[in-house]
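Just below is one structure, and these are the notes that go with it.
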There are 2 protein chains.
Amino acid sequence: MLPERTVERLSEYRRTLLQSLEEGKTHIFSHELAALHHNTAVQVRRDIMFIGYTSMQRKGYDVRDLIDVIGEILDSEKGLNVAVVGIGNLGRAVTTYFVGKRSKLNIIATFDVDHTKIERVISGVKCYSLSRLKEIVESYEISVAIMTVPATSASEVTSQIVDAGIKGIMNFTTVPLIVPDDCYLEEYDMITSLEKVAYFVKSGQS
Amino acid sequence: MLPERTVERLSEYRRTLLQSLEEGKTHIFSHELAALHHNTAVQVRRDIMFIGYTSMQRKGYDVRDLIDVIGEILDSEKGLNVAVVGIGNLGRAVTTYFVGKRSKLNIIATFDVDHTKIERVISGVKCYSLSRLKEIVESYEISVAIMTVPATSASEVTSQIVDAGIKGIMNFTTVPLIVPDDCYLEEYDMITSLEKVAYFVKSGQS
DNA sequence: AAATTATTGTTAAATAGATCACAATCATGC
DNA sequence: GCATGATTGTGATCTATTTAACAATAATTT
Ligand SMILES: NC(=O)c1ccc[n+]([C@@H]2O[C@H](COP(=O)([O-])OP(=O)(O)OC[C@H]3O[C@@H](n4cnc5c(N)ncnc54)[C@H](O)[C@@H]3O)[C@@H](O)[C@H]2O)c1
Ligand SMILES: NC(=O)c1ccc[n+]([C@@H]2O[C@H](COP(=O)([O-])OP(=O)(O)OC[C@H]3O[C@@H](n4cnc5c(N)ncnc54)[C@H](O)[C@@H]3O)[C@@H](O)[C@H]2O)c1
């Protein structure tokens with residue numbers, strides 16, 4: 001079980017490493033990764049220590065190997081199936097964005113209540129009626145949901161999602177959701193993040 | 001100077017408090033706020049202690065007062081001026097979303113390089129040519145930028161933003177940005193957050 | 001091939017953040 | 001108006017996370 005912050009940073013490192021690989025870099029030093037991520041070389045080495053990877057001494061980390069090792073930690077073998085619930089403006093933008101990436105996170109269904117959307121393919125993914133949630137979640141073994149329904153229906157839809165067996169939720173709505181302990185919830189609120197930026201700008205701290 | 005996590009939570013509390021106010025609630029207990037935010041009553045009290053607010057004992061916190069006190073901490077007097085750089089799909093969605101909220105964060109300009117957008121009003125906000133960045137940032141006293149340009153131009157645009165005098169950046173692109181120490185940077189990456197959810201779902205931890 | 005240098009991996013120390021424990025407070029019921 | 005019980009505010013403690021320090025290592029220079 002890795003520290004939450006380490007998990008976040010590993011994901012960020014991988015993103016950078018993939019880019020480095022494209023640029024033809026085969027090795028990278030801890031201080032290089034650190035500089036690209038606003039943290040320190042020690043922090044990078046510590047994070048990498050957690051996942052038990054050891055580098056070529058004095059040549060830095062092998063980029064390709066490190067990507068693989070991070071993958072073994074973060075990704076599930078078969079990948080992880082994800083559903084988008086509420087395929088409006090934000091839902092579509094997010095879906096398009098994810099479908100464009102080749103990753104182990106597969107958005108394989110979207111759900112809505114709007115009859116003009118149901119049974120259509122939107123942003124490359126099929127949209128189902130919310131009433132079929134449980135059925136589809138079970139048959140496709142979906143374990144994570146992205147919540148992009150209007151605030152007014154967020155709480156109600158959440159209960160249905162939890163009932164359907166979803167084990168992780170990324171919540172884009174402004175409503176704090178209530179979920180049982182065995183469901184991991186990530187509140188993903190732009191306003192909170194922007195207000196944090198505002199606060200630290202105001203206080204003159206980096 | 002408040003702990004980073006406390007700043008985040010205060011923003012979240014305020015969101016909830018505003019909703020409670022609408023529902024006609026005048027007072028709220030620490031354990032009620034905690035239940036809505038997946039944390040503990042002690043944590044809530046500690047956070048509120050940081051900002052020096054004291055409640056009506058035994059009646060809970062006065063919702064309206066607490067909103068105001070959080071506002072004094074998080075908001076600047078005159079509010080804070082924000083620019084959106086790159087007004088494509090995501091930029092428009094985000095701008096529409098923020099403009100809808102009444103808050104002290106004012107999106108007062110957007111920037112793009114696409115001539116079909118420049119000098120138009122998009123999502124309720126005027127779009128300027130990127131070449132006028134410095135001029136507009138200075139005259140409107142903009143201090144925070146939301147980065148929603150394509151990954152390919154992110155680094156280059158960032159230097160321009162920093163030169164223009166921006167002191168805080170919220171980065172939606174997949175490229176880790178490099179900024180000087182006196183500029184606060186928030187990497188706001190959906191993939192990182194979703195991978196974190198995936199990891200904790202996989203490890204079976206809430 | 002010995003000395004120098006840059007870099008890692010890891011133990012130990014420091015800092016930041018969360019929780020415990022409990023005295024102080026005060027609305028409410030008696 | 002006194003006892004009761006719920007709730008707060010906070011010092012002390014505990015846990016998580018970051019940073020410092022440095023020996024070990026191996027490429028590079030001499
Ligand atoms: N637009 C943004 O940039 C942005 C940013 C942050 C958060 N948000 C939040 O994300 C949510 C969605 O925003 P949006 O701009 O996409 O709104 P939207 O109205 O465009 O989309 C909402 C979608 O949800 C569907 N829907 C409604 N009730 C439903 C239900 N019970 N079950 C399933 N689907 C249902 C609607 O048919 C619609 O397709 C909102 O809560 C909003 O506050 C939006
Ligand atoms: N769509 C999403 O849900 C999503 C999610 C996460 C991150 N992102 C990231 O956000 C960024 C934007 O995504 P999008 O879907 O809105 O793309 P988009 O192509 O729709 O929008 C990009 C906009 O930036 C403008 N632009 C290009 N070069 C510019 C420059 N040098 N200066 C100013 N403006 C410039 C373009 O004219 C366009 O209007 C991308 O980096 C993407 O990876 C998108």
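Naming: A, B, ... by sequence-line order, numbering from 1 per chain.
With rounding to whole Å, A:His31 atom NE2 is found 18 Å from D:dT19 atom C1'. As rounded to whole Å, 12 Å separates atom P of D:dG11 from atom CZ of B:Phe50. Remark: P of D:dT25 and OH of A:Tyr61 are 16 Å apart, rounded to the nearest angstrom. In this structure, the NE2 atom of B:His27 is 14 Å from the P atom of D:dT7, given to the nearest Å. Nucleotide D:dG9 holds its P atom 12 Å from the CG atom of B:Asp47, rounded to whole Å. The CE atom of A:Met49 sits 17 Å away from the P atom of D:dA24 (whole-angstrom rounding). The CZ atom of A:Arg45 sits 16 Å away from the P atom of D:dA24 (whole-angstrom rounding). Taking atom CD of residue A:Glu4 and atom P of nucleotide D:dT17, one finds them 7 Å apart after rounding to whole Å.
Residue contacts shown for B:Thr40 are limited to sugar-phosphate atoms, with no base heavy atom under 4.0 Å away.
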Note to self: Show, in sequence, the C-alpha distance, side-chain angles and deciding distance for A:Glu187 and A:Asn171, and conclude whether the side chain to side chain donor-acceptor pair (under 3.5 Å) test is met.
What the structure shows: CA-CA 5 Å; A:Glu187 295 284 351; A:Asn171 179 28; 2.8 Å; yes

Margin query: Show, in sequence, the C-alpha distance, side-chain angles and deciding distance for A:Thr192 and B:Ser11, and conclude whether the side chain to side chain donor-acceptor pair (under 3.5 Å) test is met.
Written below: CA-CA 5 Å; A:Thr192 293; B:Ser11 166; 3.3 Å; yes

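For B:Ser55, a side-chain nitrogen or oxygen approaches OP1 or OP2 of D:dG9 to under 4.0 Å. In this model, the phosphate group of D:dT8 is approached by a side-chain N or O of B:Ser30 to a distance below 4.0 Å at OP1 or OP2.
For residues 20-43 of chain A, the salt bridge (charged side-chain N to carboxylate O under 4.0 Å, His left out) pairs, not counting sequence neighbours, are A:Glu22-A:Arg102, A:Lys25-A:Glu32.
Less than 6.0 angstrom separates the ring centroid of B:Tyr188 from the ring centroid of A:Tyr188. In this structure, the ring of B:His37 has its center less than 6.0 angstrom from the ring center of B:Tyr13.
Using a 4.0 Å cutoff to heavy atoms of chain B, the contacted part of DNA chain C runs 5' to 3' from C:dG17 to C:dA27.
Within 6.0 Å of CD in B:Glu141 there are 12 or fewer heavy atoms belonging to other residues, nucleotides or ligands.
Where A:Thr54 and B:Pro3 meet DNA chain C, the nucleotide closest to each residue was compared, and A:Thr54 sits on the side nearer the 5' end. Each of A:Lys59 and A:Gln43 was matched to the nucleotide of DNA chain D holding its nearest heavy atom; the match closer to the 5' end belongs to A:Gln43.
Among A:Ile178, A:Ile166, A:Ile169, the one residue that satisfies the side-chain contact (heavy atoms from CB on, under 4.5 Å) test with A:Thr158 is A:Ile169.
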